[in-house]
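Just so it is clear, the model here is predicted, and its values are computed rather than measured.
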Amino acid sequence: QVQLVESGGGLVQPGGSLRLSCAASASSGRTFVIVARGWYRQAPGKQRELVATITSGSTNYADSVKGRFTISTDNAKNTVYLQMNSLKPEDTAVYYCNVQGRYGAAWWAERGDYWGQGTQVTVSS
């Protein structure tokens, strides 16, 4: 298995910034090749929604965060980040990271899909 540990959430005022981190670690000696990473969020009473994704070739953002959020990776640290700027009260939610990959480089290798524990982001004055 792969464990994802999130950090960086907290309370900020509107217009402020936060950077979320999600570090991945394998629980066995099997090689896990990451194919895609993403951030999702879930506000109280709402469905979980996609915030941003990143693959080797592209990034994708929800319309509500375009121009304000940036997803990036540090492959040496097996970490994915979400830089959040110009935060708004409507960004308040629990944020979850997601990592998808394969136990091997071949497309037919065993696949994995893992989630972080979630981190609370609250934007309020």
Side-chain angles (χ1 to χ4, degrees):
Q1 285 192 331
V2 174
Q3 284 191 321
L4 304 180
V5 180
E6 301 180 31
S7 62
L11 174 65
V12 296
Q13 296 189 76
S17 299
L18 284 174
R19 189 181 75 162
L20 305 183
S21 299
C22 177
S25 62
S27 60
S28 71
R30 300 171 69 193
T31 300
F32 185 73
V33 181
I34 295 174
V35 176
R37 303 172 175 87
W39 287 94
Y40 296 75
R41 68 186 182 187
Q42 187 167 22
K46 295 185 177 181
Q47 297 289 96
R48 185 174 298 187
E49 64 176 347
L50 171 70
V51 177
T53 59
I54 185 169
T55 66
S56 61
S58 65
T59 57
N60 187 43
Y61 298 92
D63 289 340
S64 60
V65 306
K66 286 182 179 177
R68 299 188 297 119
F69 291 10
T70 303
I71 186 171
S72 62
T73 62
D74 184 336
N75 292 333
K77 297 180 179 180
N78 290 320
T79 301
V80 59
Y81 303 96
L82 184 67
Q83 179 66 47
M84 305 185 293
N85 299 324
S86 302
L87 284 162
K88 304 175 181 179
E90 51 263 43
D91 294 319
T92 296
V94 177
Y95 285 70
Y96 300 88
C97 66
N98 171 257
V99 174
Q100 298 176 336
R102 299 184 177 92
Y103 289 96
W107 68 268
W108 60 85
E110 181 185 352
R111 299 178 180 180
D113 189 345
Y114 302 96
W115 292 87
Q117 81 280 7
T119 184
Q120 177 71 49
V121 172
T122 302
V123 184
S124 177
S125 59

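Rounding to the nearest 0.5 Å gives a distance of 6.0 Å between CG of Leu50 and CG of Asn60. Rounding to the nearest 0.5 angstrom, the gap separating the CZ atom in Arg41 from the CZ atom in Arg48 is 13.0 Å. Rounding to the nearest 0.5 Å gives a distance of 10.0 Å between OH of Tyr96 and OG1 of Thr119.
Under a hydrophobic-cluster definition in which Ile, Leu, Val, Met, Phe, Trp and Tyr are linked whenever side-chain heavy atoms come within less than 4.5 Å, directly or via other members, Val12 and Leu82 are assigned to the same cluster. Side-chain heavy atoms closer than 4.5 Å link hydrophobic residues (I, L, V, M, F, W, Y) into clusters, and following such links, even through other members, never connects Tyr114 to Val80. In the hydrophobic clustering of ILVMFWY residues, with side-chain heavy atoms under 4.5 Å counting as a link, Trp39 and Val65 come out together.
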Run the numbers on Met84 and Asp91 for side-chain contact (heavy atoms from CB on, under 4.5 Å), then give the verdict. CA-CA 9 Å; Met84 305 185 293; Asp91 294 319; over 6 Å; no
Decide side-chain contact (heavy atoms from CB on, under 4.5 Å) for Tyr81 and Ile54; before the verdict, give the C-alpha distance in whole Å, the side-chain angles of both, and the deciding distance to 0.1 Å. CA-CA 10 Å; Tyr81 303 96; Ile54 185 169; over 6 Å; no
Using the rule given for side-chain contact (heavy atoms from CB on, under 4.5 Å), can you reason through Ser21 versus Lys77, listing the C-alpha separation, both sets of side-chain angles and the distance that settles it, and then say yes or no? CA-CA 11 Å; Ser21 299; Lys77 297 180 179 180; over 6 Å; no
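The shortest distance between side-chain heavy atoms of Val2 and Tyr103 falls below 4.5 Å. Between Val121 and Leu20 there is a side-chain heavy-atom pair separated by less than 4.5 Å. A 4.5 Å side-chain heavy-atom check between Thr92 and Gln120 finds at least one atom pair inside the cut-off.
The aromatic rings of Tyr95 and Phe69 sit tilted, their planes meeting at an angle between 30° and 60°.
At distances below 3.5 Å, not a single donor-acceptor pair connects side-chain atoms of Gln3 with backbone N or O atoms of Ser27. Although no hydrogens or angles enter the test, the distance criterion places a donor-acceptor pair under 3.5 Å between the side chain of Arg68 and the main chain of Ser86. At least one donor-acceptor pair closer than 3.5 Å links the side chain of Gln117 to the backbone N or O of Glu6. When atom types are taken as modelled, the side chain of Arg102 and the backbone of Trp107 share a donor-acceptor pair closer than 3.5 angstrom. Between the side chain of Thr55 and the backbone N or O of Gly57 there is at least one donor-acceptor pair closer than 3.5 Å.
By the 6.0 Å contact criterion, CD on Gln1 is open, its count of non-hydrogen atoms from other residues, nucleotides or ligands being 12 or less. In the displayed structure, Arg111 atom CZ is contacted under 6.0 Å by at most 12 heavy atoms of other residues, nucleotides or ligands.
Residues Gly38 and Ile71 approach most closely at CA-CD1, 4.2 Å, considering heavy atoms. The nearest pair of heavy atoms linking Gly118 to Val94 is CA-CG1, 3.9 Å. Residues Ala93 and Ala43 share a closest heavy-atom pair of CB-N, 3.8 Å. Here the closest non-hydrogen pair linking Ala52 and Tyr61 is CB-CD2, 3.6 Å. Closest heavy-atom contact between Gln83 and Ser17: NE2-CB, 4.1 Å. Scanning both residues, Cys22 and Leu4, for their nearest heavy atoms gives SG-CB, 3.8 Å.
Using a cutoff of 4.0 Å between basic side-chain nitrogens and carboxylate oxygens, Lys66 and Asp63 are scored as salt-bridged.
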